[in-house]
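A short worksheet on the structure shown next.
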Amino acid sequence: MAGPLHRRRERLRLEQERAMSADISYSVAFQQGVREEMDRDKSVFVLGTDIFDRGGHFAQVKGLGDLFGRTRVRDAPISEAAMVAAGVGAALAGTRPLVDLNFMDFAYGAMDEIANQAAKLRYMWGAPVPLVIRATSGVAQGGAQHNNSLEPWLAGLPGLSVVSPYRPYDVKGLIKSALRGSDPVIFMMHKKLTGARGPVGGDEDLVEIGRAHVARPGTDVTVVTYSYGVRLALGAAEALAGDGVSAEVIDLRTLYPLDTATIIESVRRTGRVVVLDEAPRYGGMAAEIVTSVTESAFWYLDQPVHRVTGAHTPIPHSPALLDAILPTEGDVVRAVRQVLADGPQEAR
C-alpha cells in the first residue's frame with residue numbers, strides 16, 4: 001500500500017505533467033526539463049544551496065527534492081568553490097551533476113574550479129566532464145554584487161559552452177541537451193524572465209546548443225541579441241513595424257559556440273545590423289558579434305554595425321540609475337532608425 005511520501009511524489013509528478021502542454025513559466029520549464037532528465041538518467045543529480053526544501057532562490061528546482069530525495073537533490077554549504085569542485089569530481093566519476101549557484105556573480109568564488117578544472121580537463125586528460133553549472137544572470141533591482149552580466153567572461157573560456165535562453169521552450173530544450181552532453185555547460189537564466197510564460201516541448205524535444213533562433217523574420221534590418229534583450233528587441237520591432245520598418249530579430253540562445261551562420265544569412269538579406277547586449281559595452285558579447293559580422297559579411301553591409309549596450313559601470317541599486325545605464329526598447333528603436341537613415345554611429 002502506497003505511503004504518504006509515495007502519494008506526495010505522485011501528486012507532484014501529475015501536477016507537473018498537467019502543466020506540460022500549457023503555457024508555463026521560465027522557471028517551471030527548467031524544472032520540467034531537469035525532472036525529465038532525472039527520470040530518464042539516474043546519474044543526473046542536483047547540488048546547490050537551499051534547494052531541497054526551498055527549491056532555490058528562484059524556485060528553479062522546486063518540488064524535485066520531494067520527488068527524488070536528498071541523495072539526488074543535495075544541499076551544499078555556502079561555498080561555490082566547493083560545489084563546483086564536487087561537481088567536477090562527480091562528473092569525472094561517471095555521474096551528471098547540475099550545480100546550481102543561484103547567482104552567476106558567485107562564480108567569481110569558483111574561478112579556479114570553472115576555468116582551470118571544468119573547462120580544461122577534457123583537453124588535458126581526454127576525459128568527458130558532463131557538468132552543468134546553472135545560475136541567474138542579468139540585471140534587475142538588487143545592487144552591484146548580484147546583477148552582473150558575466151557572459152563575455154565565461155564565453156571567453158575555452159572548454160565551456162555558454163547558453164542564455166529567452167523562451168521557456170528553449171529553457172527546457174537546452175537544459176535537456178546540456179544534461180545529456182559530455183562537456184561542461186554554463187546555463188544562464190535572466191532574473192527578469194523568471195515569470196515569463198510560453199509553451200514547451202515534450203520529453204525528446206531538445207534544443208541544439210550552438211543554434212540560434214529567428215524570433216521574428218524581417219527584411220530591413222537585423223537585430224541580434226539574447227536572453228532579456230530578445231524581449232526588448234521584439235518590442236522595438238513591433239513599434240518599428242508601425243512605421244513600415246521590418247526588423248528581423250535573432251535570438252542567439254547560445255553565446256559559445258556562436259551561431260554566426262544564422263547571423264550572416266540574415267545580414268546578407270538585410271544589409272544593416274544592430275546588436276543589443278545588456279552587458280557593458282567594452283569587451284562585451286556585442287563587440288564579438290560585431291567583429292564576426294564585419295569579418296564574414298563586410299561586403300553585404302550597407303552601413304557600419306551599431307551597438308546598443310549597457311554602460312561601463314558597476315550596477316546601481318537606484319531604479320532611476322538603472323534606467324540610465326541599461327539599454328531600453330527606445331534605444332533599440334533609435335539605433336534602427338539611425339542605421340536606416342545612414343547617419344553616423346552614436347556611442348551610448
Side-chain angles (χ1 to χ4, degrees), residues 137-140 147 149 151-152 164-167 170 188 190-193 196 212-253 255 258-259 262-264 266-267 269-294 297 301-313 315 319-348:
S137 186
V139 181
N147 285 280
S149 299
E151 298 92 314
S164 188
Y166 166 67
R167 303 182 299 172
D170 295 327
M188 297 184 171
H190 200 288
K191 302 174 187 70
K192 288 183 180 177
L193 294 175
H213 166 66
V214 179
R216 179 180 177 124
T219 57
D220 296 328
V221 61
T222 300
V223 181
V224 183
T225 188
Y226 61 95
S227 192
Y228 186 72
V230 179
R231 178 179 290 183
L232 299 179
L234 290 173
E238 188 65 28
L240 289 161
D243 295 331
V245 175
S246 175
E248 178 150 297
V249 177
I250 295 179
D251 174 7
L252 293 174
R253 300 193 292 198
L255 304 179
L258 185 67
D259 184 1
T262 295
I263 300 170
I264 300 310
S266 177
V267 173
R269 289 185 286 101
T270 66
R272 290 175 168 84
V273 186
V274 171
V275 182
L276 169 61
D277 185 5
E278 185 177 86
R281 187 180 190 87
Y282 187 86
M285 284 303 306
E288 180 61 38
I289 295 163
V290 170
T291 301
S292 296
V293 171
T294 304
L301 292 170
D302 296 324
Q303 278 293 299
V305 183
H306 286 214
R307 284 184 289 171
V308 179
T309 70
H312 196 78
T313 179
I315 304 302
L321 291 177
L322 275 178
D323 290 342
I325 71 160
L326 293 178
T328 66
E329 187 177 303
D331 292 333
V332 180
V333 170
R334 285 187 288 275
V336 168
R337 287 176 175 157
Q338 187 174 4
V339 77
L340 290 173
D342 297 341
Q345 183 173 1
E346 177 183 317
R348 183 179 175 85

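Values in this document were obtained by computation on a predicted structure and should not be read as measured data. In what follows, every heavy atom counts, from backbone to side chain, and hydrogens, waters and symmetry copies are set aside.
The two residues I263 and I250 make their nearest non-hydrogen contact at CA-CD1, 3.9 Å. Summarising the geometry of V333 relative to L240, their closest heavy-atom pair is CG1-CD2, 3.9 Å, with the distance given to 0.1 Å. Taking every heavy atom of both residues into account, V305 and L301 meet most closely at CG2-CD1, 4.0 Å. Pairing each heavy atom of P152 with each of A279, the nearest pair is CG-CB, 4.3 Å. When every heavy atom of S266 is checked against every heavy atom of E248, the shortest pair comes out as OG-OE2, 2.8 Å. Contact record, Q303 with V339: CG-O, 3.6 Å, taken as the closest heavy-atom pair.
To the nearest 0.5 Å, atoms OG (S137) and NE2 (H190) are separated by 6.5 Å. The distance from the OG1 atom of T328 to the CG atom of D323 is 8.5 Å, given to the nearest 0.5 Å. Of the inter-residue distances, the one linking E288 atom CD with L255 atom CG reads 10.5 Å to the nearest 0.5 angstrom. How far CG of D331 is from CD of Q338: 11.0 Å, rounded to the nearest 0.5 Å. With values rounded to the nearest 0.5 angstrom, M285 atom CE is found 11.5 Å from S149 atom OG.
By the 4.5 Å heavy-atom criterion applied to side chains, V275 and T309 are not counted as neighbours.
A side-chain contact (heavy atoms from CB on, under 4.5 Å) with L234 holds for exactly one of D251, V249, V332; it is V249. Each of T222, D220, D302 was scored for a side-chain hydrogen bond (donor to acceptor under 3.5 Å, both in side chains) with T270, with one residue passing: T222.
Qualifying side chain to side chain donor-acceptor pair (under 3.5 Å) partners for D259, counting only residues two or more places apart in sequence or in other chains: T262.
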Can you list the steps and then say if R253 with R167 is a side chain to side chain contact (heavy atoms under 4.5 Å, CB included)? CA-CA 9 Å; R253 300 193 292 198; R167 303 182 299 172; 3.6 Å; yes
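Proximity of a side-chain donor or acceptor of R307 to a complementary backbone N or O of A286 within less than 3.5 Å is not detected.
A salt bridge links R337 and D243; the closest N-O separation between the charged side-chain nitrogens and carboxylate oxygens is under 4.0 Å.
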In a table with atom names and distances, give each donor-acceptor pair under 3.5 Å that connects a side chain of residues 224-232 to protein atoms at least two apart or in another chain.
unit_1 : atom_1 : unit_2 : atom_2 : d
T225   : OG1    : L276   : O      : 3.0
Y226   : OH     : E151   : OE2    : 3.4
Y226   : OH     : D277   : OD1    : 2.7

